[in-house]
Structures are given as C-alpha cells and as structure tokens.
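Reading through the structure tokens given below for one structure.
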Amino acid sequence: MTSLTIKEILAGRAGVGDEVTVEGWIRTRRDSKAGLSFLQIHDGSCFDPIQVVAESSLANYQEQILHLTTHCAVRATGKLVESLGKGQRFEVHADRVEVLGMVENPDHYPVSAKRHSFEHLRTVAHLRPRTNTFGAVARVRDCLSMAVHRYFHEHGFFWIHTPIITTSDAEGAGAMFRVSTLDLANPPRDEHGKVDFSADFFGRATSLTVSGQLNVEAYCMAMSRVYTFGPTFRAENSNTTRHLAEFWMIEPEIAFADLSDDADLAESFLKYLFKAVLEERPDDMAFFAQHIDKDCIHRLETFIAASFERMDYTDAIKALEAAVAKGVKFDFPVSWGIDLQSEHERYLTETLVGRPVVVMNYPKEIKAFYMRLNDDGRTVAAMDVLAPGIGEIIGGSQREERLDVLDARLDEVGLSKDEYSWYRDLRRFGTVPHAGFGLGFERTIIYATGMANIRDVIPFPRTPGNAEF
RNA sequence: UCCCUGAUAGCUCAAUUGGUAGAGCGAGCGGCUGUUAACCGCUAGGUUCUAGGUUCGAGUCCUAGUCGGGGAGCCA
C-alpha cells in the first residue's frame, strides 16, 4: 500500500493497477443506483480532487458512505484505474472507505456544496481553506513566499530576521500597536500622572514593528545584500480592500547602490515572482482566470514581458497637468508638491502608460526623513512602483547616507537624534550609499490572482474591529 | 475617520400603497442514471440583526445601536 497525496497520484507517481490510499475531505458525493457512489476527494495538495468509486458491496456503504456530505474526512484505499467516465484521467476503485470524521448537522454546515460569497466565507475563516478559491489562494501564497526567498538566495541576499517588537517608529509609517505587560486598569504613573513605561517589561514603551527597514539597514551596512520578510503591523483605522492591520512585507536593502539600482531590483524581483506563479501553479491560475479574474494570466504575462516605465515625479505632474488640460477630470487638483492620489496613480499606470510605472524623485516634504536628498535640494531619491489595477505596490528609496544631511532632516521633521542614535551610527562608521524598498506581500497576491479583497489572500485577516479566529 | 449602501431559512435572494414570509441552492427521504455544477419528486427548515417608537396592524415607516460591503483618506 502506498500513501500518496492527490497531487502525486495525478502526476503519475503511482501506476495504473497499483493500490493507493487517498486521505482527504469530500467535495461532493454522487450516487448511482447501479450500486455505486462517486466521491470527489481533495487533500489540498493540488487544485484537482480525485474521484473515488465506492461500490455498494462495501461493508459500510449503507450506514456511512451514503451519508457522506461535503467536507467529511475519509481515507480510501483501492486500486488506481483509468477512469471509465469523462472528466478525469484516473480514479480510485475503493476496496475500503474509512470515515474519519463526519460533518455534524450537514443542513446547517456553513460551507455546503454551493457557491458562497467571500463575505460569508470570511465569517468562517477556519473552514474556508477547504473551498476551491481559498485552497488556490493558499497555494499561490506559498508559491510566492518560496519564490521570494529563492530569488534573494539566488542573488546573494541574506535573510535577516528583524525584530517584531520595536521601540522606534520608522518615521510615522503608521500608528503602532503598543506592546506592554502593564496592568491596563491600573498602570504605574510618574509624578506628572503619565503612564510610567520605565516600569514596563522592556523598561520603555514598545510597539509592534511597522517596518523592518531601519534594522535591516544595519545588516546591509555589513553584508551588502539583505532582506526581511515577515509580519508588519499598522494600527491605522483604514477600512479598504487593500489594507490590513497585520500584513507581511518584503524589504530588501542593497549597499553600494542608488535609486536606479533599486528600481532595477524591484523590476527583476517582481518579474521573477510572477514567472514563478505561472510556472508552478498553472492549475490554480487557470482557476483564477476562469472564475475570479479572466485577465489574471494575461496580466502577469504582460507584466513579465514589459519593461517598467520610469518617470520623474516632476514629469508625472506635467503629464497629469497635460491630461487635465485635455479634459481629464480628477477629484483632487494636480500641482507640483502634491502627493499623488489613487486616481492620479491609476491614470499614469493604466491610461497613460498601460504598464507598470516607476515614479521617482518626489518632493522631500511628502516623503520620509531617511530618503536621500537630491542635488536640487527639494526632491528626494524615492520611488513608487505603480501597477495597473492595483496602484502602489512598492515604495522605496535611496537612503540618506550623509550624517550631516540626515541630521538636518531629522531636525526639520522634528525627530530626536537620541531616538535614532544607533541609526545615525551607521552614517558615522563606514557609511555607504544604499537603497531598498518595501513590497506588500498580500498586494502581490492580489495582483497575481485577481482576488478583489486583501482579506481574502491572508488566512486570518486582522482589520479594525475584527480579530476573530 | 468620512461618504454611500446593506442585514429576511445553513447560503444567495424575493415579498406591490404598511395587511401577517416565498424561491433557488444546500440538507433529509424516495426515484433514476458510470456520475461529475448530475437530473426528477416530496419533506423539513424563520423571535425578518438588536432596543425603543408610530400604527388597528411593521420584514416594510421613524430613532438609536451593532455588524457586513463599496468608495475616500493613510499607505504596503
């Protein structure tokens, strides 16, 4: 007897005539009064289920098999045969179907064998991975995760585990979740009546990380090519299809590099990821193309084939102003110095260029303190990668490596040099030009699959007012 | 946080000017068929989100709240 996953069986790891065991969950059961039942069984190993044929001669046919409903767990053993029916190449002619777990009250089971809305499935996030869509999302997510690490590994990067609990806010990247062991009802207070965090676990106020960038820069200044890939937390009260309070972010950092090198890296990296999905998950991508977003495969192929358009912020503004002059209507006015709104980004990448666009060199006023000041004195070496259909997918910059310029920026923004003393040390002891970016992992999955809501591409989404499961 | 919108059977939705709740899917039972979104028949399944209010009468109208969805802002 061989125990194989359905993926292995369908891929031909077992020969016709071999005895195999299939372990999984029922997708559907169809009965034939000719005296047999067809069980579609999936085990998550691949998109396709396998068909198990159970004849009425089986000992438990009347008592159990005829009562199997969607998502009952079974172990079926039998001979692998070429299917007599259409729709599948192989099937298992069962000698034994062992029922491991029935479904209680099948008439009230929330993931019955019918179409369900994603809204409903979100309320049963612990059961939704059993559906076609969420199984496919989980496999694509895994594929992309592995591709991230493989790309960096192949390109000489080191994966740095930056801390989850931090003390420094990467320049207001977002509101932070406090980490504390103090008694919320009765915290220690100082002489001014303020909560005394010196009595807290770490002896100071701490929060969940909003970005691993500052930490990974330290390792970049020793190992040249590094990245982080881990969970990130933002306590923003944002309720959109593109935001989560807990999400995963990929942040590479490269030394001896400028903004152009950074954009090169972003382009090469994204193309690698999408190529991996197309090559490794054709089954799931075919499903997404058929049921979720018919353009998704074509979009990835186009993305891989096209070179990114690079555009200075100043030129982007000019292009937007020209569009306004030609009658394009925007809700937000366009002028040099504004931060680009979603509608502006969409126009640039979808209407004007029709390909991914890298907008570079933004006004320093709208960007973070650590971004390198350009020679013009009014822009910084920042870039956003905009993709058709999703908007901003990457934000990055060349970092300010000059201590005097960095200090001036800290002062301008009103940040304390003491708070950033270790970060400033990196500029004091062997500083070099370097750059990096942040890629929202879930947004990458949205782009690849065509899924509409970010809450449906992470197993257990955390959003304002919702941390169930 | 702001704007819009919604909440009725396990799920997706109906229900006329306010008149006493219905279908499809799913589930159960039966029929039929190497079936595959199977098909046909029958059956069960409801404190209409919560709390107030108007009314002879509220799923429907009013007030407040809770939760969901979409959009915006913020960003990844």
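Please read all numbers here as calculations on a predicted model, not as lab measurements. Lettering follows sequence order; numbering is per chain, from 1.
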Ion pair check, D384(A) and K367(A), cut-off under 4.0 Å:
yes
Check this one for me: any side-chain N or O of R30(A) less than 4.0 Å away from OP1 or OP2 of A38(B)?
yes
Complement of A58(B), any strand, by Watson-Crick or G-U distances under 3.5 angstrom
none
What's E442(A) touching, base or sugar-phosphate or nothing? Going by heavy atoms closer than 4.0 Å.
nothing
Per the ring pair (Phe, Tyr, Trp, His ring centres under 6.0 Å) rule, which among Y447(A), F229(A), F247(A), W248(A) passes with F441(A)?
F229(A)
Applying a 4.0 Å non-hydrogen cut-off, can you work out what E343(A) is touching in the nucleic acid: base, sugar-phosphate, or nothing?
nothing
Could you check whether T241(A) gets within reach of a base, just the sugar-phosphate, or nothing at all, counting any heavy atom under 4.0 Å?
sugar-phosphate
Answer with base, sugar-phosphate or nothing: what part of the nucleic acid does I250(A) contact at a heavy-atom distance below 4.0 Å?
nothing
Would you indicate what G85(A) reaches in the nucleic acid, counting non-hydrogen atoms under 4.0 angstrom: base, sugar-phosphate, or nothing?
base
Return no unless some side-chain N or O of R455(A) is found under 4.0 Å from OP1 or OP2 of G69(B).
yes
Could you verify whether a donor N or O on one side chain and an acceptor N or O on the other, from Y370(A) and E217(A), lie under 3.5 Å apart?
no
Any base atoms under 4.0 Å from D331(A), or only sugar-phosphate, or nothing? Heavy atoms, all strands.
nothing
Whether Q88(A) contacts U35(B) is assessed here as follows: a side-chain N or O lying under 4.0 Å from the phosphate OP1 or OP2. Is that the case?
no
Assign D339(A) to base, sugar-phosphate, or nothing according to its heavy-atom contacts below 4.0 angstrom with the strands shown.
sugar-phosphate
Is the distance from OP1 or OP2 of C32(B) to the nearest side-chain N or O of S32(A) less than 4.0 Å?
no
Which nucleotide in the set C75(B), G69(B), G34(B) lies at the smallest distance from any side-chain heavy atom of E119(A)?
G69(B)
Under 4.0 Å between a side-chain N or O of R128(A) and OP1 or OP2 of C11(B)?
no
Output yes when at least one side-chain N/O atom of S238(A) is less than 4.0 Å from OP1 or OP2 of U1(B), else no.
no
Just call it for N453(A): base, sugar-phosphate, or nothing, with non-hydrogen atoms closer than 4.0 Å on any strand.
sugar-phosphate
Would you say that E55(A) contacts Y61(A) through its side chain, given a criterion of any heavy-atom pair below 4.5 Å between the two side chains?
no
Taking only side-chain nitrogens and oxygens of H243(A), does any of them come within less than 4.0 Å of OP1 or OP2 of A72(B)?
no
Of all the nucleotides listed (U1(B), C75(B), U12(B)), which has the minimum atom distance to the side chain of R234(A)?
C75(B)
Under 3.5 Å on both distances, the Watson-Crick or G-U partner of A7(B)
U66(B)
Which word best sums up how the rings of F233(A) and F177(A) line up, parallel for under 30°, tilted for 30 to 60°, or perpendicular for over 60°?
perpendicular
Select one nucleotide: of C11(B), A27(B), A72(B), the one nearest the side-chain heavy atoms of R346(A).
A72(B)
So what does H67(A) hit on the nucleic acid, given a heavy-atom distance under 4.0 Å: a base, only sugar-phosphate, or nothing?
sugar-phosphate
Counting Watson-Crick and G-U wobble pairs only, both distances under 3.5 Å, name the nucleotide matched with G34(B), or none.
none
Under-4.0 Å side-chain N/O to phosphate OP1/OP2 contact, Q51(A) with U35(B):
no
Hey, does T69(A) reach any base, or is it just sugar-phosphate, or nothing, if we go heavy atoms under 4.0 Å?
sugar-phosphate
Applying a 4.0 Å non-hydrogen cut-off, can you work out what T240(A) is touching in the nucleic acid: base, sugar-phosphate, or nothing?
base
Taking the six-membered ring for Trp, are F157(A) and Y151(A) parallel (under 30°), tilted (30 to 60°) or perpendicular (over 60°)?
tilted
Look at R122(A) and G69(B) and indicate whether a side-chain polar atom (N or O) is within less than 4.0 Å of OP1 or OP2.
yes
